[in-house]
Every structure is written in structure tokens, then in C-alpha cells.
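For reference, the structure is listed below as C-alpha cells.
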Amino acid sequence: MNNSRSFIALLVVSGAVHSVWEYLHMGLYVGYGALEGALPVWVYATLGDVAYTLVAGLLIALFKGRMDWVGDARGRDYPGLAILGFTIALLVEYKALALHRWAYAAAMPIIPYLHVGLSPILQMTLLLPLSVWIAARVTR
């Protein structure tokens, strides 16, 4: 399996699914205007999501001791990916909220005890394993 091919597929798939999610969920946030630049803010958010996906992929490669794990992902890998995605999302949300990078609109469901929005937690928890699953199918 070509290492770069499976990682490129992961990043492309991740970009596509996160882009749709970000676009559809923009109304759940306030304060994104400060992040606006040459591109729409959902594009910046998507690029961050892809970067976190890359970091997760590299962490797993380090853990497994092989870079070609994406193309060989199996059923037992997906719960771990979901847990990693959950952890990444939680850390990103705590950091962003503490630094006042954004805030939640009234429509955002909040997870009790964690005090973070449900949407971003579900996003990485679901889309990280989904991206790997699709990338694995594409590169097999």
C-alpha cells in the first residue's frame, strides 16, 4: 500500500465531510466573524479539522508503528478513532472557548458536565472514523 496515497485520501475525504458539517452547523456559533478573512470562515474551520485529522492519523501511525495503517483499517480500529476524535474535539473546544475564539449560539445543545457544544464533539467523534473508513475503501 502506498503510504502517501492512503494519507492523501484521508485528508481529501476529511476535507469533504468536515466542509459539509462546518457549513451546515455555522449557525450554532457566534463570534466567528473575527476569524473571517479571504475565505469564508467555514473553510478556515475545515482546514483546522483536516489538520487535526492529520495529527490523529500520524499519532495512530506512531502507535501502530506503520504509516500505511489507513488502508488496512479494520472494525476494531474505529472505536479507538472515535475516542481519539472525542478527545481532540474536547481539547479544541476548551481551548477555543477559553481564548474566546468563538461562543455558542442559543441553538447549540450543550453537553452537561462537560460544558461544551454537542455539535463539535459529535463532529470529530463521528467524522474521524468515517473519514478513515471511506479512505480505507478508496485505497484498497
Side-chain angles (χ1 to χ4, degrees):
M1 177 65 47
N2 183 332
N3 296 345
S4 62
R5 183 173 171 226
S6 61
F7 262 93
I8 289 169
L10 175 60
L11 298 179
V12 169
V13 169
S14 174
V17 297
H18 282 286
S19 178
V20 171
W21 186 288
E22 291 289 353
Y23 184 79
L24 294 175
H25 290 236
M26 290 301 297
L28 297 176
Y29 298 89
V30 295
Y32 261 179
L35 301 176
E36 197 70 51
L39 298 171
V41 71
W42 60 269
V43 174
Y44 288 115
T46 299
L47 292 173
D49 298 330
V50 172
Y52 292 123
T53 299
L54 177 61
V55 168
L58 292 173
L59 284 172
I60 294 168
L62 183 64
F63 177 76
K64 287 185 172 237
R66 47 191 277 262
M67 290 296 293
D68 63 347
W69 71 270
V70 173
D72 295 330
R74 299 285 184 248
R76 67 184 179 278
D77 295 320
Y78 297 104
L81 286 162
I83 291 167
L84 182 57
F86 175 87
T87 304
I88 290 169
L90 198 59
L91 294 173
V92 168
E93 287 304 298
Y94 283 148
K95 176 186 168 200
L97 293 171
L99 296 175
H100 306 287
R101 302 257 321 171
W102 60 73
Y104 302 133
M108 174 71 80
I110 302 297
I111 301 173
Y113 305 108
L114 296 179
H115 307 290
V116 294
L118 179 61
S119 173
I121 300 301
L122 283 179
Q123 180 181 2
M124 278 310 262
T125 302
L126 298 174
L127 297 188
L128 179 59
L130 177 64
S131 296
V132 170
W133 184 81
I134 294 170
R137 294 318 166 270
V138 169
T139 58
R140 281 192 185 145

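Worth saying up front: this structure is predicted, and the values here are computed from it rather than measured.
Annotation: side-chain hydrogen bond (donor to acceptor under 3.5 Å, both in side chains) contacts involving residues 78-90, sequence neighbours excluded, are absent.
For Leu99, the side-chain contact (heavy atoms from CB on, under 4.5 Å) partners are Lys95, Arg101, not counting sequence neighbours. Take Tyr23 and apply the ring-ring contact (aromatic ring centres under 6.0 Å, His included) test, not counting sequence neighbours, and it matches Trp42. For Arg76, the side-chain contact (heavy atoms from CB on, under 4.5 Å) test picks out Arg74, with sequence neighbours left out. Residues meeting the side chain to side chain donor-acceptor pair (under 3.5 Å) test with Arg137, sequence neighbours left out: none. In this structure Ser119 satisfies the side chain to side chain donor-acceptor pair (under 3.5 Å) test together with Trp21, His25, sequence neighbours excluded. Applying the side chain to side chain donor-acceptor pair (under 3.5 Å) criterion to Tyr104, with sequence neighbours excluded, gives Glu93.
With values rounded to the nearest 0.5 angstrom, Ile88 atom CD1 is found 8.0 Å from Leu91 atom CG. We find the CH2-CE distance between Trp102 and Met108 to be 9.5 Å, quoted to the nearest 0.5 Å. To the nearest 0.5 angstrom, Leu118 atom CG is 9.5 Å from Leu28 atom CG.
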| Does the pair Asp77 and Asp72 meet the rule for a side-chain contact (heavy atoms from CB on, under 4.5 Å), with working shown? | CA-CA 10 Å; Asp77 295 320; Asp72 295 330; over 6 Å; no

| task | Decide yes or no on side-chain contact (heavy atoms from CB on, under 4.5 Å) for Leu97 and His115, but give the supporting numbers first. | result | CA-CA 10 Å; Leu97 293 171; His115 307 290; over 6 Å; no

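Taking all atoms of both residues into account, the shortest heavy-atom contact from Thr46 to Ser19 is OG1-CA, 3.2 Å. Shown here for Ala9 and Ala135, the closest heavy-atom pair between the two residues is C-CB, 3.9 Å. Among all heavy-atom pairs drawn from Pro120 and Ala89, the shortest one is O-CB, 3.5 Å. Listed here is the closest heavy atom pair of Trp69 and Gly57: NE1-O, 3.1 Å. Ser6 and Gly71 get closest at one heavy-atom pair: CB-N, 4.0 Å.
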Could you give the side-chain donor-acceptor pairs of residues 125-133 under 3.5 Å, partners two or more places apart or in another chain?
from: Thr125; atom 1: OG1; to: Ile121; atom 2: O; distance (Å): 2.6
from: Ser131; atom 1: OG; to: Leu127; atom 2: O; distance (Å): 2.7

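Residues His18 and Thr53 have side chains in contact (heavy-atom distance under 4.5 Å, counting atoms from C-beta outward). Annotation: side chain of Leu10 is not in contact with side chain of Thr139 (no heavy-atom distance under 4.5 Å). Residues Met124 and Val92 are not in side-chain contact: their nearest non-hydrogen atoms beyond the backbone lie 4.5 Å or more apart. Put simply, the side chain of Asp68 does not reach to within 4.5 Å of the side chain of Phe7, judged on heavy atoms.
Cluster note: Val55 groups with Leu59 through ILVMFWY side-chain heavy atoms spaced under 4.5 Å, whether in direct contact or through intervening members.
Linking ILVMFWY side-chain heavy atoms closer than 4.5 Å, directly or via other members, places Ile83 and Phe63 in two distinct hydrophobic clusters.
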